[in-house]
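Chain naming here is simple, since letters A, B, ... match the order of the sequence lines and numbering starts at 1 in each.
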Protein chains: 2
Amino acid sequence: MNRMSPGTQEDRAAATRLNILDAAEALFRSMGYQKTAVADIARELRMSPANVYRFFASKSAINEAIAERLLAGVAGDLDAIANGPGAAADRLRGMMRLLHARHMALFFKEKRMHDMVTAAMAEHWGVVAAFIARVESALGRVLADGAARGEFGALDAAATARMIKQATLCWMHPVLIAESLAKNLTDEIRMAGELESMLDLLIKGLRPDH
Amino acid sequence: MNRMSPGTQEDRAAATRLNILDAAEALFRSMGYQKTAVADIARELRMSPANVYRFFASKSAINEAIAERLLAGVAGDLDAIANGPGAAADRLRGMMRLLHARHMALFFKEKRMHDMVTAAMAEHWGVVAAFIARVESALGRVLADGAARGEFGALDAAATARMIKQATLCWMHPVLIAESLAKNLTDEIRMAGELESMLDLLIKGLRPDH
DNA sequence: GGTCTGAAAGAATCCGTCAGTCGTCAGAGC
DNA sequence: GCTCTGACGACTGACGGATTCTTTCAGACC
């Protein structure tokens, strides 16, 4: 193939893909995934619905790409903490706090996000699973580091990472957060406090045996 | 009021209530809550639907009473372990194992139980909340006992009980169990093993500071 | 020739209808 | 007087037709 200058075509296409993602994300956030039609996204960008399909195979694929981008951002921030300085216990705390804060912002700052998230979880579990794996991996690295430094006792990093994820699930899982808030079992402030207590207990359990 | 012998009327009424509960529970288990009509329950007992309403205000109230009976049974078994002999840590383990086992049996031995449970959780949260409170109370007593004996470090029994409940939520919560099994994240055997690991970690965290 | 569109097929969702169920009441039977 | 029934309104959930949305494709435009 020949072209004007190397990468021009691909660059334009990539830019359009990004524009579509931005417009779609804004619409999904403000009016919800279900209520947003592909025609709405196209109108926003002054193009035809058909043209959107030149860049994404389906509406669902657009949502998948948005979810991927979003979760990659969170995972990146998480890695930064994991690889940063400080005691392993503090990094662990920081990571779980970040995860909780992001989840709260994601699901409850903009109410309409809910069906966007549930659609992603139902249709693109792979993306979510990859994110969870990345979270567990980052946790595992911090745990292994802490163990190597003698800050924690001997441990199976992967298995322990999973335990920490499971133990703090109710501060991270959309369904559980929604249930807690809906049933008035707790509020945003108390939730954050309880997460700290849980982290205290877990980190104490990780300390060396004597 | 006068009557033949003391308590006769009330006894008959109580017996009929029990009969209705037994018949309803059997039907709910075998054909599901939604699919069971009050007429089905009445037919089973050779009475008219209307008569059932003399003993229960609604089909939903029948489900509430069944849930209450069921959960009271589990809570009783839990109390027995809590008040029994043995190290506090072992009793704690036993209690969580029992809860996990009962939940698994409840929700997945008989598939039809599912909508009975979800209906109870949606319509009669009070019953479930009371059960959870009783579980936390029993856990709290064991924790306080363990702390008094020096088996555990100083702790806030109520708050710590809640932490333990939260940390093990994913082995107890119907939605989470269903999700794990549906997504093939784990199976019944591995789940039990992971619960043990979590209990190891938590109990280690509870030990006195040195 | 590559980029995009309008029109149209196929899929999903909404909405009005209706059978069947829940829950009530006056009154029959003991 | 207590226990129960049969018959009646209120309501829910299921079905089918109409509408809207997703996706495709032949062809217009530059």
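Atom CE of A:M47 is separated from atom P of C:dC4 by 7 Å (rounded to the nearest Å). One can place CD1 of A:I20 at 12 Å from C1' of C:dC4, the figure rounded to the nearest angstrom. Atom-to-atom, CG of A:D40 to C1' of D:dT22 comes out at 12 Å; the value is rounded to the nearest Å. What separates CZ of B:F55 from P of D:dT5 is a distance of 10 Å, to the nearest Å. D:dC2 atom C1' lies 12 Å from atom CG of B:N51, rounded to whole Å. Atom CZ in A:R46 sits roughly 22 Å away from atom P in C:dT3 (whole-Å rounding). For A:N63 and D:dC21, the CG to P distance is 18 Å, given to the nearest whole Å. At whole-Å resolution of the value, CZ in B:R43 and P in D:dT5 are 14 Å apart.
Between A:D187 and A:R190, none of the side-chain N atoms (NZ, or NE/NH1/NH2) sits under 4.0 Å from a carboxylate O, so this pair counts as no salt bridge. Using a 4.0 Å cut-off between a side-chain N of Lys or Arg and a carboxylate O of Asp or Glu, B:D40 and B:K35 do not qualify as a salt bridge. In this structure, A:R93 pairs ionically with A:D200, as a charged nitrogen and a carboxylate oxygen lie closer than 4.0 Å.
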Are there any protein N/O atoms within less than 3.5 Å of an N/O atom in nucleotides 10-14 of chain D, and if so, which ones and at what distance?
none

Which protein N or O atoms sit under 3.5 Å from an N or O of nucleotides 8-11 of chain C?
none

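Comparing C:dT3, D:dT3, C:dC22 against the side chain of B:R54 picks out D:dT3 as the nearest.
Closest-nucleotide positions on DNA chain C for A:S48 and B:A39 were compared, and the one nearer the 5' end corresponds to A:S48.
Atoms OG and CD, from B:S197 and A:Q166 in turn, are 10.5 Å apart once rounded to the nearest 0.5 Å.
B:H124 contributes a side-chain N or O that, together with a main-chain N or O of B:S60, makes up a donor-acceptor pair within less than 3.5 Å. Judged by distance alone, the side chain of A:R91 and the main-chain N or O of A:G86 form a donor-acceptor pair under 3.5 Å. A:S137 contributes no side-chain N or O that, together with a main-chain N or O of A:A133, makes up a donor-acceptor pair within less than 3.5 Å.
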I would like to know whether A:R69 and A:D22 meet salt bridge (charged side-chain N to carboxylate O under 4.0 Å, His left out); could you show each step before the answer? CA-CA 11 Å; A:R69 198 166 72 156; A:D22 290 339; 3.0 Å; yes
Can you give one letter per nucleotide of nucleotides 23-30 of chain C, going 5' to 3': B for a protein heavy atom under 4.0 Å from the base, S for sugar-phosphate only, - for none? BBB-----
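Annotation: side chain of A:M172 is not in contact with side chain of A:I177 (no heavy-atom distance under 4.5 Å). B:R97 has its side chain within reach of B:E196: a pair of non-hydrogen atoms, C-beta onward, lies under 4.5 Å apart.
With a 6.0 Å cutoff to the six-membered ring centre and a 45° limit on the axis angle, A:R112 does not count as a cation-pi contact of A:F28.
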